[in-house]
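Presented below is the structure to which this report refers.
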Amino acid sequence: MNAPEKLKDTLNLPKTDFPMRANAVVREPARMKHWEESGIYAKMQKKNLDGPSFVLHDGPPFTNGDVHVGTALNKILKDSILRYKNARGFLTPYLPGWDCHGLPIEHKVTKKLRASKKEFDSVQLRQECEEFSKSYIETQRAQFKRLGVLADWEKEYRTMDPGYEAEILRTFADFVEQGLVYRSKKPVYWSIPCQTALAEAEIEYYDHISPSIYVRFKVQGEEGNAYLVIWTTTPWTLPANLAVAVHPRESYCEVKTGDVSYWIAQPRVDEFCKECGFSDYSIGETCNGSDLAGKVTRHPFIDRDSPVVSAEYVTMDTGTGCVHIAPGHGLDDYLTGLEHGLEIYCPLDDGGKYLDDGQIPQELVGLSVLEKADGSKANHAVLEILNTTGSLIAQKEYHHQYPHCWRSKSPVIFRAMDQWFVSLDKEDLRARCMDGLKDVSFTPEWGRNRIHGFLESRPDWCISRQRSWGVPIPVFFDEDGNALLDFGLIKFLSEKISVEGCNLWFSQTPEELLDGYELPDAWKGKKLIKGQDTLDVWIDSGCSHKAVLRRNEETSWPADLYLEGSDQHRGWFQSSLWTSIVSSQAAPYRRILTHGFVVNGEGKKISKSDGKPQTADSYVTKYGADVLRLWVCSEDFRRDIPLSDEILDQAVRAYRTLRNTLRFQLGAIHDFSQKEHGVEVEEMSPVDLWALSKTNELIREVTDACEKYEFHRAIQSINRFCSGILSSTYHDVIKDRLYTLDVNDPLRRSTQSALLMVFECLIKLIGPFTPYIADEAWAFGQSGGEYCEDALSLQNWPQEKVLGSGEIAVSDIQNLLDFKDSHVNEALESLRVKKEIGQSLDAEVELHIFGDSKLGEILKRRSLVELAELFIVSSVVVKNLPSEGTNYVTAQHAPGTRCPRSWRWVPELVYVEPWGEVSPRCAEVLAKFG
RNA sequence: GGGCUCAUAGCUCAGUUGGUUAGAGCACCGUGUUGAUAACGCGGGGGUCGGUGGUUCAAGUCCACCUGGGCCCA
């Protein structure tokens, strides 16, 4: 070391290469790469091989785009939990997954293929979908890594892996084996020109003009001419009418005109009479909707009854309050049909033409319901019939938005089709599921209530989809449409698929697929046709507990934790539960933790119109991963999680504070080696013990918060610690001894010993939340450079230091600091306002203390030098008050002369060659410089 | 429209079984320092706890209704 030239150079000022600015955008990726190359994930697992395991099972994100900020939030929380648990000694295997199948991908790929004008079949479509999914797996994996997520990327799972697909089919086979799967009709959107089923995402809404008609249904079994009047804009569905629905708690009244009376919901009467042109009418009886339910009406032109049922969704906004129900042609109608045991009746063929089923009037048979330029033939014909039978009360044109097919642009219809269902009540399945939840913990606790509600009310699970990009339902049909649904056959096929993947189903003939399997006698020799449907993708991800937890030796079943957004109460948590109860008779998770959704600064859902980016990457490339993680962990994620520039700026500032705190500490211990200079806790000075005590408190708070998954409380504690305990108190107080005392002064080494403990502890506590800066600071602390052998992630969670008899000193210091806050600073501030002093070292304070007070007792144990240091003033004078009185403080400018080295005012300076005049204490230190 | 849920200073959060003038950190304003300096200290202003009504000696904390937001359905 060069000989000091200036007095300032004789001070031990902080020194560190730890940069003040993070430059996270460049340096974080380098650190991630270092982690990866040094195999940090594997080392973390190895460290805890003998520990208990903590299995967090990853819910697979969908692979159709960049990582969304909400998905990033989810992964960050998972990573933080796992880093914490690992530090606590748990073995924490983490196998991330990808949800690959599904309509959104098929939709995008189909659009692309259609734009290229190439012909394609389902095999080619699936090929493209696979490529699409794979490319986003690459993208998302890189983005997750960038967030700092540590995982066993070598063993990630994909729902499109052959082994996984086979597991899906085995699960389906379990459902079949237990007799839970049945075939029934359900309405779907149907495009007549394309002769295909459509999903909601394939629907576009356009303005459309429909006939608006009022039709009367005669009430049966009563005297007189009483009718219920329905209103509809799809006359062609009337032949499939099987009921009329009313709202049970609305009032209905009898509108009398001529010798007939019409039952109409009371709020709709005026509108109805106007539409029908009734000028001369009177109101008769009134009753509740529930009183009408149970009555029976007559279909206006088909020989059958149409019962009156009640339904909650009947509105008073339009129509008559009496709703035409065709269970085969609408979702509400369908559910009402299920509820009342109605047939899911749909007398249309694939081309949208009425079938001749013995019920449809002959004049309608063969007519198409498809709307063309001149309207729908079916509508015209039905209106004709209604007119001739006198059932039509009024008719006009109705302008509204109507769903159209995204390809043919023609209006779609709702049409019931054969689908596969899982019965949820057979074998007590539903009850067993709800029972299985009893062993599951929920955070927040209301999650239990929510999932329970879904389980209770959901109708049977429709598991078939008319799609290509998914796992096929391996069922064969004979030429009469009979289905061969055989669990033995499904298991047989799953073995083939476990090797070759599902493409086999699409590329091979039935004969090839069945090669090696003996068909049941009744099916031998028949010509078989492959089923076209695929399984609901919720089965895909819902099997992950089997496909992943049971098939990997690192993991165990059930998982300790599932952690997803609260939308998954309805989704993955539920589908996983059904499959798990069927296959394993218990829930696949011990705890369900849910987070809310990311919303904007106003608390509204984030949308493109906000003009804010929604991909995680757009934030990471601007702020770095630690800042984004700090944002995530600062929020109470159980409710909505707001994100705005202001909030991110806040995270930036918190990050800077953290960074500066660590940087100051690194600088302060730059010449300290625990081995060479370490001071034992018992030997430490009181203020150092106080700092350790406060650190113990921080450990308790952060640990408690982490155990409850309340990271925001941990972050708040850490922020408070950095500013209140360190920056404004401890760090401020110890500057004098660190800077001005001899390097080896016991007091200085005591403080450095404590500081190192506080430093390492703080780093370990922030490690789960902001791993980049934590690892960086740790490395600088260990080696003085960017990286070190024994990385932070391999350290255990900090433990509280035992202070023993030091607790008394701690209590004294705490009391004195409280007194400083409440009295001393006030006195100093008033001097400062009067411009009598600048920094507090310019002052002398007088403590006027009531002798028998608590503070009086404390002062007996403490020296004036100690007090001056604690108050950061040049001198302290204690004046005892008479026996009665209140403690108070006065302050004045310190007497004497200012030492140019320590800046403290002393009675007299001493001359030291070659430095000049300094305080006696500094003179002693300088003497050693020779 | 239904189920679940949330609502405390500009922002992020505390607030124990209802009990004295509702707290913290950040931001803001003023100010000091210039030996943590694109940093740090000190001081200050700021909330009637979404609204209304009720229970109670006493409510941010219990009850009812309303308003606004979120998720999931319809």
Side-chain angles (χ1 to χ4, degrees), chain A residues 7-16 18 20-21 247 311-317 331-332 335 444 446-454 456-458 565-571 574 594-606 630-631 633-636 638-642 644-654 656-657 659-668 701 710 712-713 715-724 726-729 731-733 735-736 738-740 820-821 824-826 828-833 835 837-842 872 901-903:
Chain A
L7 194 55
K8 183 173 168 181
D9 298 332
T10 67
L11 293 167
N12 310 304
L13 295 178
K15 207 168 104 184
T16 177
F18 186 79
M20 175 173 263
R21 305 201 57 196
H247 194 287
E312 294 286 337
Y313 57 80
V314 174
T315 72
M316 296 299 128
D317 302 336
L331 209 54
D332 277 337
L335 293 172
W446 51 255
R448 178 191 308 284
N449 189 10
R450 187 159 187 202
I451 195 169
H452 201 273
F454 286 135
E456 215 165 20
S457 62
R458 80 167 285 168
S566 62
D567 55 334
Q568 300 304 333
H569 286 109
R570 164 83 191 184
Q574 209 192 121
T594 51
H595 56 77
F597 276 67
V598 177
V599 295
N600 65 21
E602 284 79 52
K604 302 243 178 87
K605 72 162 79 183
I606 50 176
L630 202 50
W631 159 66
C633 296
S634 302
E635 300 284 345
D636 181 352
R638 295 163 298 193
R639 31 196 208 218
D640 298 334
I641 302 126
S644 66
D645 291 342
E646 184 184 11
I647 291 167
L648 280 171
D649 281 344
Q650 186 170 312
V652 167
R653 283 188 294 265
R656 275 198 207 126
T657 301
R659 192 164 186 92
N660 267 306
T661 302
L662 296 172
R663 182 162 181 268
F664 175 79
Q665 294 186 329
L666 276 167
E701 287 175 7
E710 293 172 355
H712 62 287
R713 281 181 44 229
I715 297 296
Q716 299 254 343
S717 290
I718 289 166
N719 288 345
R720 225 176 307 135
F721 183 77
C722 284
S723 61
L726 296 182
S727 199
S728 66
T729 310
H731 287 174
D732 222 22
V733 166
K735 278 175 193 168
D736 180 66
L738 285 173
Y739 297 174
T740 68
K820 177 188 178 187
D821 260 354
V824 178
N825 280 344
E826 195 176 90
L828 293 177
E829 181 65 14
S830 68
L831 274 189
R832 199 174 288 123
V833 170
K835 301 283 180 196
I837 60 166
Q839 53 180 5
S840 59
L841 277 178
D842 297 339
I872 318 181
R901 184 168 181 276
S902 68
W903 292 346

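Numbered from 1 within each chain, the chains take letters A, B, ... in sequence-line order.
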Item checked: Electrostatic pair A:D732-A:K735, nearest N-O below 4.0 angstrom ->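 Salt bridge present between A:D732 and A:K735.
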Next item on the list: With RNA chain B as reference, determine whether A:Y739 or A:S566 sits nearer its 5' end, using the nearest nucleotide of each.
Entry: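 Whichever sits nearer the 5' end wins; that is A:Y739.
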Next item on the list: Please tell me which of A:K8 and A:R638 maps to the more 5' nucleotide of RNA chain B, matching each residue to the nucleotide holding its nearest heavy atom.
Entry: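 By nearest-heavy-atom nucleotide position, the 5'-most residue is A:R638.
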Checklist line | No-H, no-angle donor-acceptor pair, A:S727 side chain to B:rA36 base, under 3.5 Å | finding: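 It does, because a donor-acceptor pair links the side chain of A:S727 to the base of B:rA36 below 3.5 Å.
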Margin query: Using the side-chain contact (heavy atoms from CB on, under 4.5 Å) definition, which of the options A:L841, A:T740, A:L11 pairs with A:S902?
Written below: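 Among A:L841, A:T740, A:L11, the one that satisfies the side-chain contact (heavy atoms from CB on, under 4.5 Å) with A:S902 is A:T740.
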Among the nucleotides [options], which one has an atom lying closest to any side-chain atom of [X]?
X: A:Q650; options: B:rA14, B:rA39, B:rC26; value: B:rC26
X: A:R832; options: B:rG25, B:rG70, B:rG41; value: B:rG41
X: A:M20; options: B:rA7, B:rG41, B:rU37; value: B:rU37

Next item on the list: Evaluate side-chain contact (heavy atoms from CB on, under 4.5 Å) for A:I872 paired with A:D736, printing each intermediate quantity in order.
Entry: CA-CA 8 Å; A:I872 318 181; A:D736 180 66; over 6 Å; no
Distances under 3.5 Å between nitrogen or oxygen atoms of protein and nucleotides 60-66 of chain B:
none

Could you give the [atom1]-to-[atom2] distance, from [X] to [N], as a whole number of Å?
X: A:E635; N: B:rG69; atom1: CD; atom2: C1'; result: 15 Å
X: A:N449; N: B:rC71; atom1: CG; atom2: P; result: 19 Å
X: A:Q574; N: B:rC73; atom1: CD; atom2: C1'; result: 12 Å
X: A:D567; N: B:rU5; atom1: CG; atom2: C1'; result: 14 Å
X: A:Y313; N: B:rG3; atom1: OH; atom2: C1'; result: 18 Å

Notebook entry, point to check: Going through the checks in order, is the ring pair (Phe, Tyr, Trp, His ring centres under 6.0 Å) test met by A:F454 and A:H569?
Noted result: CA-CA 8 Å; A:F454 286 135; A:H569 286 109; 7.4 Å; no
Report yes if at least one side-chain N or O of [X] is closer than 4.0 Å to OP1 or OP2 of [N]; otherwise report no.
X: A:H712; N: B:rA14; result: yes
X: A:R450; N: B:rC6; result: no
X: A:K605; N: B:rG69; result: no
X: A:K835; N: B:rG32; result: yes

Would you indicate what [X] reaches in the nucleic acid, counting non-hydrogen atoms under 4.0 angstrom: base, sugar-phosphate, or nothing?
X: A:I647; answer: sugar-phosphate
X: A:P444; answer: nothing
X: A:H569; answer: nothing
X: A:D332; answer: sugar-phosphate

Notebook entry, point to check: Stacking check: are the rings of A:W903 and B:rG35 less than 5.5 Å apart at their centres and under 30 degrees in tilt?
Noted result: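 Check passed, A:W903 stacks on base of B:rG35.
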Next item on the list: Measure from NZ or CZ of A:R659 to the centre of the six-membered ring of A:F18 and say whether it is under 6.0 Å with the direction within 45° of the ring axis.
Entry: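 So A:R659 does make the cation-pi contact.
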Margin query: I need the A:H595 NE2 to A:D567 CG distance, nearest 0.5 Å.
Written below: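 Between A:H595 NE2 and A:D567 CG, I get 8.0 Å after rounding to 0.5 Å.
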